[in-house]
Amino acid sequence: MDRRNFIKTTAAAGASATLAGCGNPETQLIRFIPEEPLFPGIATWKPSICPLCSAGCGLHVRVMDGEAEVVRNGEKGLLKMGLAKKLEGNPQHPISHGKLCARGQAGIQLTYHPDRIRQPLRRTGPRGSGPFQEISWDDAMADVLLRLNAIAAADQQKTLGFLTRRLRGQRNVLISTFLKEFGAPPATLFEVFSDDVLREANRQSFGFEQLPTFDLARSRYVLSFGADFLGTWNSPVAHSVAYGEMRQGRPGVRAKFVQVEPRMSQTGANADEWVPVKPGTEGILALGIAHVIFKANLRTPSAAGRAGDRIDGWNTGLQAYTPEAVEKRTGVATARIERLAREFADNSPAVAIIGGAPLAHTNGIFQALAVNALNALVGSVGEEGGLSFTPHPDTGTAQAGRRGLRELAAEILSSSSSPVQVLFLNDANPVFGTPPAWRVAEALAKVPYIVSFGSFLDETSLIADLILPDHSFLESWVDDVPESGTALSVASVAAPVMRPLHQTRSMPDVVLDIGRQLQRPVVLPWNNYEDMLKAAFAALADKSSNWDKILENGGWWSTASTGPSVNPARVTPAAATLQADPQFDGRAEDYPFHFLPYASQAFLDGSLAHLPWLQELPDVISTAMWSNWVEINPVTARDLGIAQGDAVEVRSVHGTIQAPALISPGIAPDVVAMPVGQGHATYTRYASGRGSNPVSILADLTEPVTGALAWAATRVGIRKLDNAAPTTPLIVFAGALREHEERHR
């Protein structure tokens with residue numbers, strides 16, 4: 001669906017003519033009285049925050065008068081109101097700098113989506129079967145209170161669970177505080193592409209349990225190990241702005257950029273040099289580079305400080321990581337290792353980056369610690385052109401998650417009675433995003449009562465007993481404390497830019513209401529979420545930046561970098577020797593290829609697949625859209641008799657999936673790759689039944705220190721499906737253009 005047709009069917013000014021003028025009385029819609037004064041044709045720009053990834057970019061939202069189809073008191077109708085028409089980056093915001101990625105631009109569709117849940121729903125059929133009944137908020141709240149009061153009366157408060165994507169800002173504080181005061185355990189956090197491995201490595205190396213910020217703009221040499229920092233990893237908009245400065249912002253200076261990875265990402269396609277490497281050996285290459293630096297007396301091991309102490313053999317020169325030995329383990333030639341080492345040491349300031357697939361192996365901590373030590377060795381930590389840690393303002397504290405989803409599912413399955421009696425779901429879809437061996441769907445089926453705050457029916461919300469639909473971010477008070485992406489201390493906040501279209505409610509306000517109405521009330525010091533935000537930002541406001549000014553700007557940020565304002569995490573003594581070599585699931589004889597699922601440029605982990613503008617967004621590398629595919633090296637494809645677009649089967653120990661083949665020279669011959677995001681069984685009309693889900697064949701391997709899913713550690717076999725067409729054919733942008741031209745000749 002294109003932009004024009006999408007807005008016509010949802011919130012365009014011409015919607016009344018389309019819906020009310022069709023001549024069928026059953027389709028006539030009530031015209032509600034406007035709820036706000038409007039000035040026809042005059043646009044205003046209001047600040048907001050993009051929620052579509054973890055970066056926390058600041059927005060400007062163009063708001064104009066228009067007519068929208070809404071729900072009021074259970075009735076559908078048309079209402080003239082201020083409507084969000086366009087999203088752009090906030091020029092003042094330290095993360096976005098006035099820029100916005102394609103995913104952020106598509107965020108407007110969350111509000112106007114035709115399949116959005118418009119009021120509370122109660123399950124009426126068997127779990128997972130789909131039938132729901134629309135109910136009032138009074139009835140929905142009564143259901144929730146009945147369940148929570150029952151477990152509180154039985155002194156079983158610990159049986160309340162909260163499963164969510166990682167939260168930041170005051171939502172994190174609110175949920176943590178509510179659970180603690182109720183007597184429940186901390187929230188269980190789930191993300192498909194978790195960065196917990198890097199956070200833990202940074203805690204061990206530098207004392208900061210957070211993602212780093214990279215000063216690309218002032219660097220002279222960037223060495224990236226698998227991090228798609230211009231596409232999908234960490235803070236892509238901030239990185240892209242800094243990368244442009246690095247390349248073109250300094251007359252006469254053009255930094256070199258080297259990308260190390262087995263499959264060429266969007267970031268790798270922008271590199272001066274792309275270095276293919278065997279999966280899971282990036283850390284070994286980093287130590288090989290360090291060994292060369294030691295041997296050439298360009299730096300001494302002690303220069304790395306405690307970051308070097310985390311690596312076995314570091315202080316004796318890494319004798320096991322000679323270039324010749326590293327070549328055998330990584331596939332990178334000796335001469336290239338030696339050249340990269342000298343370039344990295346000689347072009348100061350230089351910075352090494354690691355993210356994505358290298359951390360998604362069983363040796364992920366080792367790999368991250370190796371790159372951290374390499375950065376410390378060349379003096380790039382806390383210096384211009386290197387890496388630092390974004391200082392975080394003090395706006396409240398929150399508890400961390402106590403256990404991962406894998407452990408929670410195992411605990412439920414091993415118990416005769418579920419240890420979780422009531423479970424809240426917020427912004428997470430683990431039924432789609434976990435490997436089959438975790439048995440998440442089976443575990444959730446044992447939970448007696450599940451409440452979802454979802455705005456759309458997905459695979460996990462479908463098994464909920466009650467759905468309390470959240471406002472969209474454009475209808476809500478929103479806030480964020482960006483983890484990285486700037487050297488400034490930042491706390492973002494924004495008021496709703498438009499009135500709610502439907503009978504939805506803000507999740508934080510619902511939680512506060514629940515707490516007040518319990519028989520044993522959870523009394524929190526805020527009447528609503530707006531009051532909570534005002535209280536949190538009161539400590540940051542001063543004469544030059546009061547609450548009104550903070551709202552006008554879209555947040556508060558320091559005017560200059562002052563270094564981290566949080567206390568560094570305690571650095572524990574060195575652990576036992578870490579395993580340097582990765583482990584893989586599946587025998588190489590039976591499963592000869594490394595399988596590399598990766599975050600989609602459009603859909604990330606699949607949570608954005610329901611947005612049609614992103615479905616029709618051509619992939620940056622392949623130009624494919626409305627589909628997914630299996631990337632195969634041309635030599636491998638020739639040996640297997642596979643041609644472009646052929647239906648192929650990818651099999652692991654844990655299952656099989658089918659997809660069309662995409663022949664690509666930017667992938668190693670022993671690797672096949674698939675973007676994550678398609679393959680939803682249930683996720684609106686735009687994503688349901690489209691493509692295959694690569695997560696569904698992943699192994700149950702984890703990184704042992706953090707328990708994070710080792711999603712890059714599965715081996716697979718692949719074969720052409722004779723006389724079969726792909727269930728979802730490969731649609732590339734160039735082919736779509738040719739088809740369009742032929743159709744309209």
Side-chain angles (χ1 to χ4, degrees), residues 53-54 163-168 186-205 208-212 225-228 232-234 279-283 310 353-372 400-411 427-440 443 483-484 569 572 575-576 578-585 594-599 604-607 654 676 694-714:
C53 80
S54 60
L163 174 58
T164 181
R165 185 186 297 269
R166 176 178 286 269
L167 296 172
R168 295 200 302 244
T188 298
L189 308 181
F190 170 72
E191 295 173 298
V192 179
F193 297 112
S194 167
D195 282 310
D196 286 346
V197 170
L198 185 54
R199 292 186 184 96
E200 172 60 20
N202 289 342
R203 185 192 69 80
Q204 292 189 28
S205 297
F208 292 97
E209 194 171 359
Q210 65 185 86
L211 299 183
F225 295 87
D228 185 20
T232 60
W233 182 72
N234 193 356
T281 65
E282 292 87 350
R310 316 305 287 179
I353 305 173
I354 187 166
L359 306 178
H361 286 280
T362 57
N363 64 340
I365 283 286
F366 164 82
Q367 305 229 92
L369 292 175
V371 173
N372 284 352
R402 184 189 68 173
R403 54 188 169 183
L405 178 58
R406 179 173 179 260
E407 290 71 26
L408 177 62
E411 185 179 346
D427 199 22
N429 186 7
V431 173
F432 173 82
T434 53
W438 286 20
R439 300 164 61 195
V440 168
E483 183 175 9
S484 63
T572 57
L578 295 171
Q579 179 63 43
D581 294 299
Q583 296 178 340
F584 295 94
D585 180 82
H594 296 282
F595 187 49
L596 184 61
Y598 61 91
L604 295 180
D605 58 0
S607 58
H654 308 278
V676 173
V695 180
S696 67
I697 64 170
L698 293 185
D700 183 27
L701 288 179
T702 59
E703 190 286 313
V705 177
T706 63
L709 175 64
W711 48 262
T714 303

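If you read the sequence from its start, that first residue is 1, and numbering goes on from there.
Annotation for Glu407: atom CD counts as buried by contact number, over 12 foreign heavy atoms lying within 6.0 Å.
Here the closest non-hydrogen pair linking Asn372 and Ser205 is ND2-OG, 3.1 Å. Across Gln204 and Leu369, no two heavy atoms sit closer than the pair OE1-CD1, 3.8 Å. Residues Thr188 and Gly404 approach most closely at CG2-C, 3.8 Å, considering heavy atoms. Considering all non-hydrogen atoms of both residues, Pro358 and Phe225 come closest at CG-O, 3.3 Å. Gly283 and Ala370 make their closest contact through O-CB, 3.6 Å (heavy atoms, listed as atom of the first residue, atom of the second, distance). Residues Ala201 and Ile365 approach most closely at N-CD1, 4.0 Å, considering heavy atoms.
By the 4.0 Å N-to-carboxylate-O rule, Asp195 lies too far from Arg166 to be salt-bridged with it.
Partner of Phe193 under the side-chain contact (heavy atoms from CB on, under 4.5 Å) criterion, chosen from Asp605, Leu604, Thr232, Leu709: Asp605. Paired with Val197 under the rule side-chain contact (heavy atoms from CB on, under 4.5 Å), one option of Val705, Thr702, Thr706 passes, and it is Thr706.
Looking only at side-chain heavy atoms (C-beta outward), Gln210 and Arg203 stay at 4.5 Å or farther from each other. Contact of the Phe190 side chain with the Thr164 side chain is not registered, since no non-hydrogen atoms from C-beta on lie closer than 4.5 Å. Using a 4.5 Å heavy-atom threshold, the side chains of Asp700 and Arg406 count as touching. At least one side-chain heavy atom of Phe595 sits under 4.5 Å from a side-chain heavy atom of Leu698. No side-chain heavy atom of Asp581 sits less than 4.5 Å from a side-chain heavy atom of Asn363.
For the atom pair CD of Glu703 and OG of Ser194, the computed distance is 10.0 Å after rounding to the nearest 0.5 Å. Rounding to the nearest 0.5 Å places CG of Leu405 at 10.0 Å from CG of Leu189. The distance from atom OG1 of Thr362 to atom CD of Gln579, rounded to the nearest 0.5 Å, is 7.5 Å.
In this structure, Glu483 contributes its side chain and Leu211 its backbone to a donor-acceptor pair below 3.5 Å. In this structure, Glu411 contributes its side chain and Ala409 its backbone to no donor-acceptor pair below 3.5 Å. With hydrogens and angles disregarded, a donor-acceptor distance shorter than 3.5 Å links the side chain of Arg168 to the backbone of Ser54.
Taking the six-membered ring where the residue is Trp, the centroids of Phe366 and His361 are separated by 6.0 Å or more.
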key: Stepwise side chain to side chain contact (heavy atoms under 4.5 Å, CB included) check, Gln367 with Ile354   = CA-CA 8 Å; Gln367 305 229 92; Ile354 187 166; 3.9 Å; yes

task = Check the pair Asp585 / His654 against side-chain hydrogen bond (donor to acceptor under 3.5 Å, both in side chains), numbers first and verdict last.
result = CA-CA 10 Å; Asp585 180 82; His654 308 278; 3.1 Å; yes

inquiry  = Let's go through Val695 and Val676 carefully: what are the C-alpha distance in whole Å and the side-chain angles of both, what is the deciding distance for side chain to side chain contact (heavy atoms under 4.5 Å, CB included) to 0.1 Å, and is it a yes or a no?
reply    = CA-CA 7 Å; Val695 180; Val676 173; 4.2 Å; yes

inquiry  = Quick one, Leu701 with Trp711, criterion side chain to side chain contact (heavy atoms under 4.5 Å, CB included). Give me CA distance, side-chain angles, the key distance, then yes/no.
reply    = CA-CA 8 Å; Leu701 288 179; Trp711 48 262; over 6 Å; no

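For Ser484 and Asn234, the side-chain atoms include at least one donor-acceptor pair closer than 3.5 Å.
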